[in-house]
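Read through the structure below, which is laid out as structure tokens, and then see the notes.
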Amino acid sequence: MKETSWTSRYRMIGEATRGDAAEAFRAVDQRGNEVVVKVTRPRDPQHFLHQMEAAAKVDHPNVARVFDWGKDGDHCWVAREPVDGVDLRAVMSSEGRLSSEAAAIVGEQAAAGLAVLHTAGVLHGGVAPHTVLRSFDGTVKLVDVGLRAAVVPVDLSKAAPAALAWYTSPEEALGQPLVPASDQYALGTVLYELTTGRRPFDGPDAFSVADMQVGAQPTPPRTLAGDIPPSLENVILRVLQKQPEARYTSMADMERDLRAVVMGAHVPLAPPPAPRKKRPVLPWMIALLVLIAAAAVLTAWALGAFGGGGIAVPDLAGKDLEQARTALQADKLKLGTVEYEEGSSADTPGVAVVAQSPKAGDKVGEGTAVDVTMSADLIAVPDVVGKSEAQAVADITGAKLKVDQVEREASDTVAAGLVIKQTPQAGAKVAPGSPVSLVVSSGQETASVPSVVGASQSDAEDALESAGFKVATQEQASDTVPAGDVISQDPSAGVTAAKGATVTLVISTGPTPTPTPTPTETTPEPAPT
């Protein structure tokens, strides 16, 4: 797109709420129609403009329309429709936490808008109370589409304010690319705050909050506000899962479940995510070894059949790939198969030739291909066991290594978010850029507390113990619950609690006994005289 200043198309009439933009203005076009102009400085201007072009094709009641966009020097701008309403931050400031029904309605509409954006290939990337507006007729509209995503990664250091990480997904906190499920996580944090009045995670600075986003488990919403229905809690906890694949398959699925919550229908707990299947290594290794062996045999046969060749193979040891290629071409040879020792790759810094075939000095014919093996100086793997996931990632990347796979594992001894195990172990020598896998504690294993009110004491205890809970009992008289049956339970049914936690049952002793009347003494009447 040709560079165009927005001021050549619009006349500024005032300032607007900046939100995730560098600058924001109220303006009117040449026909007098009002717009809101947001100015940003994206890391990839071309990608941002493509996203705005796709967003402009979205016409949905829950997304503020994008009218125009452009590039002006290092900055980009977008003009959108003005929204007659207030953002959710202002709603919470005036109304406090919302009722579960009101929050579910907001969530359903926001999810509907996000679903349409995702279908159009657009990530919002900045869902937060200030980017979700509620019109005065109750319609929810998403604004600032793509503005935060255009400048990520944002500053999540200890010097940055905590607010920068309040609605950050675990993948963003770890420096990984945003995905559609990232918008689910952000909307889940908003719904958590709307229903409980508290954010899932908070702390003194952005790093502390981002650390919790990556490794800590949120307090179940019903623990903070008992009037939240289990179905809404199930939706919120599902989208707050740390791994994107453990959330909903699509935003449309989240919208469907929130609609069910609004209608009072039951939404079950999400099934645990299926473990990732690891690609079998042995068949690939066998095939690779067969190919290498075949190549070696063919090369040896060719060289042996034509003894005495006239070109000495140059010594390539210590050269990078381009230097090796140039040296071979100078001697009318060519580069053959390039292999990398474990932990090294084409992108590894400092990678160089450590082996070659044919060897240096061997005599070969013109045009012969020389195979090389590349490696790099080895690095000691840092010890990250017992550290938070965010700190572990920082230590590993700081050592010029990369985090390959992060698995979650329940633990009764290691706090949630801390590293239980690492592979390779601390101190192992690997090439720069080598992958390090982590096993991170998800905390104590949790389960949904079953409903046992009205059941007999023995049946209730069996059900709770089968679900992994301990049982404590109290007795209380009841005129309505038969003796030996459960009057009430704490925690209540549907609450998510750690396995091994105690559920207290109040057991009926039957009706309150009627007191026996105390006989009163009577004074004998005097005998007649």
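Along the sequence shown, the residues carry numbers beginning at 1. All values derive from a computational prediction rather than experimental measurement.
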### Message
My understanding is that only residues two or more places apart in sequence, or in another chain, count here; which of them pass side-chain hydrogen bond (donor to acceptor under 3.5 Å, both in side chains) with W6?
### Response
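Partners of W6 by the side-chain hydrogen bond (donor to acceptor under 3.5 Å, both in side chains) criterion come out as none, since no residue qualifies.
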
Strictly distance-based, threshold 3.5 Å: is any side-chain N or O of [X] a donor or acceptor partner for the main-chain N or O of [Y]?
| X | Y | value |
| --- | --- | --- |
| Q356 | P314 | yes |
| D362 | V313 | no |
| K242 | Q213 | yes |
| D44 | H47 | yes |
| E445 | A410 | no |
| E172 | A165 | no |
| S208 | P204 | no |
| S441 | G443 | yes |
| E389 | V440 | no |
| Q422 | V384 | yes |

### Task
Would you check if there is a donor-acceptor pair between the side chains of T131 and D144 at a distance under 3.5 Å?
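Short answer, no.
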
Pairwise side-chain contact, [X] with [Y], heavy-atom cut-off 4.5 Å (strictly under):
| X | Y | answer |
| --- | --- | --- |
| W69 | C76 | no |
| E339 | D371 | no |
| Y192 | I236 | yes |
| V127 | V132 | yes |
| V145 | V66 | no |
| L123 | L117 | no |

Nearest non-hydrogen partners of [X] and [Y], listed with the distance:
| X | Y | value |
| --- | --- | --- |
| A24 | T17 | CB-O, 3.4 Å |
| D395 | P382 | O-CG, 3.9 Å |
| V419 | A392 | CG2-CB, 3.8 Å |
| F201 | P218 | CZ-N, 3.6 Å |
| V36 | A16 | CG1-CB, 4.1 Å |

Just verifying a value: how many Å separate [X] [atom1] and [Y] [atom2], rounded to the nearest 0.5 Å?
| X | Y | atom1 | atom2 | value |
| --- | --- | --- | --- | --- |
| E171 | T168 | CD | OG1 | 10.0 Å |
| R89 | H130 | CZ | NE2 | 9.0 Å |
| L237 | S448 | CG | OG | 10.0 Å |
| H75 | T40 | NE2 | OG1 | 7.5 Å |
| D183 | S169 | CG | OG | 8.5 Å |
| K402 | I396 | NZ | CD1 | 12.5 Å |

### Task
Could you walk me through whether W166 and D202 pass side-chain hydrogen bond (donor to acceptor under 3.5 Å, both in side chains), step by step?
CA-CA 7 Å; W166 281 341; D202 207 347; 2.9 Å; yes

### Query
Do the charged groups of D205 and K158 touch, with an N to O distance under 4.0 Å?
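Salt bridge flag = no for K158 with D205.
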
### Message
I'd like to know if D29 and R9 make a salt bridge, using a cut-off of under 4.0 Å between side-chain N and carboxylate O.
### Response
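Judged by the 4.0 Å cut-off on N to carboxylate O distance, D29 and R9 do not form a salt bridge.
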
### Option passing salt bridge (charged side-chain N to carboxylate O under 4.0 Å, His left out) with E81 (candidates R65, K141, R26)
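Among R65, K141, R26, the one that satisfies the salt bridge (charged side-chain N to carboxylate O under 4.0 Å, His left out) with E81 is K141.
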
### Query
Should we count CD of Q425 as having more than 12 external heavy atoms under 6.0 Å?
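Open: at most 12 neighbouring heavy atoms sit under 6.0 Å from CD of Q425.
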
### Task
Determine whether more than 12 heavy atoms belonging to other residues, nucleotides or ligands lie under 6.0 Å from atom CZ of R259.
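More than 12 heavy atoms, drawn from other residues, nucleotides or ligands, come within 6.0 Å of this atom.
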
### Query
Looking at Y248, does the NZ or CZ of R238 lie under 6.0 angstrom from its six-membered ring centre and within 45 degrees of the ring axis?
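Yes, R238 lies over the aromatic ring of Y248.
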
